[in-house]
Amino acid sequence: MKIESLKIENVGGISSLSLDSFNPNLNIICGENGIGKTNILDSIAHCLSLHSSKILRKKAGSENAKIQLVTDRNSDTPFLSAIKTFEPRDNSGGHDLILKEFDRNFLKNNEPYLIYFNTERLFSYKWIESLNVYEQAESHLRNLDGVSNEKAKDWFIKNELLSSQSYTTKNDKNSIELAKKAFGILNQSYSFFALKQDMEIYIDTPTGMIPYEYLSSGFKTCISIMWGIIREVQIRFPDMDIQDFNGVVLIDEIELHLHPEWQGKICNALTTLFPNIQFIISTHSPHVIQTAEANEVIALSGENGYLEKRTLDIAPHGFKGWTIEEILTDVMGMKDLRTQLYEDIKKKFDNALKNKDVKAAADAYDKLDQILHPTYPLRALFKMQLDALKG
């Protein structure tokens with residue numbers, strides 16, 4: 001399954017949005033804070049889940065709301081898309097988003113092919129006392145609730161222990177080998193070392209062998225996403241090789257817990273490890289966008305919930321040659337990259353130059369000199385302007 005288009009009307013804070021052509025591999029949704037990035041991912045997930053404790057709401061003050069999702073698996077069904085509309089929930093006047101009855105066949109065909117990672121991804125140390133050998137696939141089809149990391153370590157240990165057994169299937173063996181490969185994909189200097197008798201996972205690093213939990217929070221966050229995908233596919237499709245999975249993975253705020261260096265690596269690592277998956281992610285990070293190709297970024301703009309995909313003047317090879325500052329201003333819509341303190345002092349300096357007030361200009365320059373970067377190129381210009389005023 002690949003998502004081809006999405007239309008949203010009066011859902012959450014979104015009045016109207018139409019995205020007509022998703023990239024089959026990677027889609028990076030960005031825009032100013034609060035514009036509705038998470039709402040978009042939730043809307044996609046809601047069209048592909050009947051098993052959820054979460055409920056989307058229609059936009060306040062609107063009478064009707066609708067989400068329409070089109071995938072490339074529609075040729076298998078008589079329906080063009082999944083359409084969800086709001087209908088009364090009870091006499092209190094509340095409205096829930098429900099799937100139209102005639103589209104349930106669409107859901108049956110597509111639901112297992114979507115995996116959603118929400119913002120709850122960080123995990124702490126876990127002592128393994130026992131292993132859950134069997135998990136029901138139905139419990140993992142709660143797409144709007146997101147993938148849980150709670151049993152990621154249990155899953156890895158169980159599969160590693162079983163990988164040497166003759167009755168373990170080829171698909172399960174391939175899954176654990178791909179899970180081990182994830183360490184090296186993220187950093188070639190790291191690799192899986194061993195699972196020891198203390199039921200701890202040990203990693204070979206440039207500084208020596210360390211327990212899995214001793215990895216940085218950013219490294220573990222990346223691993224948890226990769227392991228989460230492998231685990232979900234293994235449970236949902238026991239007869240499928242992990243590399244044959246060609247579904248959709250949603251990741252909200254992919255940069256969470258990641259150092260900027262990791263933010264610049266995560267998308268390439270995911271698409272390298274899972275080349276057949278369509279990723280749709282949201283981000284506030286210019287470092288994530290800086291790694292993108294020309295057709296992989298969905299930059300949103302709009303007012304009062306009426307959103308559209310902005311047309312960007314992009315180089316043929318995407319954003320790989322752009323600076324962080326250029327991405328912040330031209331793609332993410334930041335109007336100013338300086339602090340308010342800088343702007344206030346600079347305004348006083350400019351006004352002092354205009355009014356030929358030497359003392360005020362000198363005071364403002366001294367303050368600018370204290371807060372500017374040591375190699376800021378305009379510092380010399382400011383000094384020249386002050387010296388010219390002094391005569």
Side-chain angles (χ1 to χ4, degrees), residues 45 112 114-163 168 171-187 190-196 198-205 210-238 240 242-243 245 247 249-258 262 265-266 269-270 272-274 277 279 281:
L114 182 128
I115 301 171
Y116 189 9
F117 292 87
N118 56 28
T119 55
E120 301 297 326
R121 295 199 291 271
L122 191 62
F123 56 91
S124 57
Y125 177 78
K126 180 179 181 182
W127 173 257
I128 303 298
E129 295 181 350
S130 61
L131 295 173
N132 182 17
V133 177
Y134 177 73
E135 293 186 80
Q136 291 185 331
E138 289 76 12
S139 65
H140 288 257
L141 296 178
R142 304 177 67 88
N143 288 329
L144 196 57
D145 296 334
V147 172
S148 172
N149 293 324
E150 181 183 359
K151 296 181 180 180
K153 184 177 179 181
D154 307 53
W155 170 83
F156 184 94
I157 293 174
K158 178 192 72 175
N159 279 269
E160 173 61 10
L161 290 173
L162 294 175
S163 63
T168 301
N171 289 338
D172 287 346
K173 291 181 179 180
N174 289 342
S175 293
I176 193 62
E177 289 305 313
L178 193 65
K180 295 176 185 178
K181 186 179 178 181
F183 294 103
I185 290 289
L186 289 167
N187 189 325
Y190 287 68
S191 61
F192 171 76
F193 181 78
L195 175 64
K196 295 199 170 184
D198 58 2
M199 297 290 279
E200 294 295 343
I201 304 166
Y202 286 87
I203 309 303
D204 192 14
T205 78
I210 63 172
Y212 165 69
E213 273 89 0
Y214 282 23
L215 294 170
S216 69
S217 61
F219 206 134
K220 288 189 293 186
T221 297
C222 294
I223 289 294
S224 71
I225 294 174
M226 294 176 166
W227 284 7
I229 295 171
I230 300 170
R231 175 174 173 244
E232 288 297 311
V233 174
Q234 185 190 50
I235 294 171
R236 298 183 189 194
F237 302 96
M240 179 186 291
I242 176 60
Q243 295 288 21
F245 179 71
V249 173
L250 310 178
I251 307 175
D252 195 12
E253 296 187 25
I254 194 170
E255 73 277 6
L256 284 182
H257 315 299
L258 301 184
W262 285 108
K265 291 180 177 180
I266 180 61
L270 288 172
T272 298
L273 201 64
F274 307 105
I277 288 178
F279 289 94
I281 68 174

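What you are looking at is a predicted structure, and each value in this text was computed from that prediction instead of being measured.
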Full working for side chain to side chain contact (heavy atoms under 4.5 Å, CB included) between V249 and E232:
CA-CA 11 Å; V249 173; E232 288 297 311; over 6 Å; no
Restricting to non-hydrogen atoms, name the atom on Q243 and the atom on L273 that form the minimum distance, rounded to 0.1 Å.
OE1-O, 3.5 Å
Matching residue for E160 among K180, K196, K153 - test: salt bridge (charged side-chain N to carboxylate O under 4.0 Å, His left out):
K180
Has F237 got more than 12 heavy atoms of other residues, nucleotides or ligands less than 6.0 Å from its CZ?
yes
Centre-to-centre under 6.0 Å for W227 and F192, is that the case here?
no
Counting heavy atoms not belonging to Y202, are there more than 12 under 6.0 Å from its OH?
yes
Kindly give the heavy-atom pair with the smallest separation between S191 and I203, and that separation in Å.
O-CG2, 3.3 Å
Parallel, tilted or perpendicular, judged at 30° and 60°: which one describes the rings of F219 and F183?
tilted
Evaluate the criterion side chain to side chain contact (heavy atoms under 4.5 Å, CB included) for residue pair L215 and Y190; output intermediate values, then yes/no.
CA-CA 10 Å; L215 294 170; Y190 287 68; 3.8 Å; yes
NZ (K181) with more than 12 external heavy atoms under 6.0 Å
no
Minimum heavy-atom distance between A182 and I223, given as atom pair plus value
CB-CD1, 3.8 Å
Once you round to the nearest 0.5 Å, how far does CG of D252 lie from OH of Y116?
4.5 Å
So, the side chain of R231 versus the backbone of F156: is there a donor-acceptor pair under 3.5 Å, distance only?
no
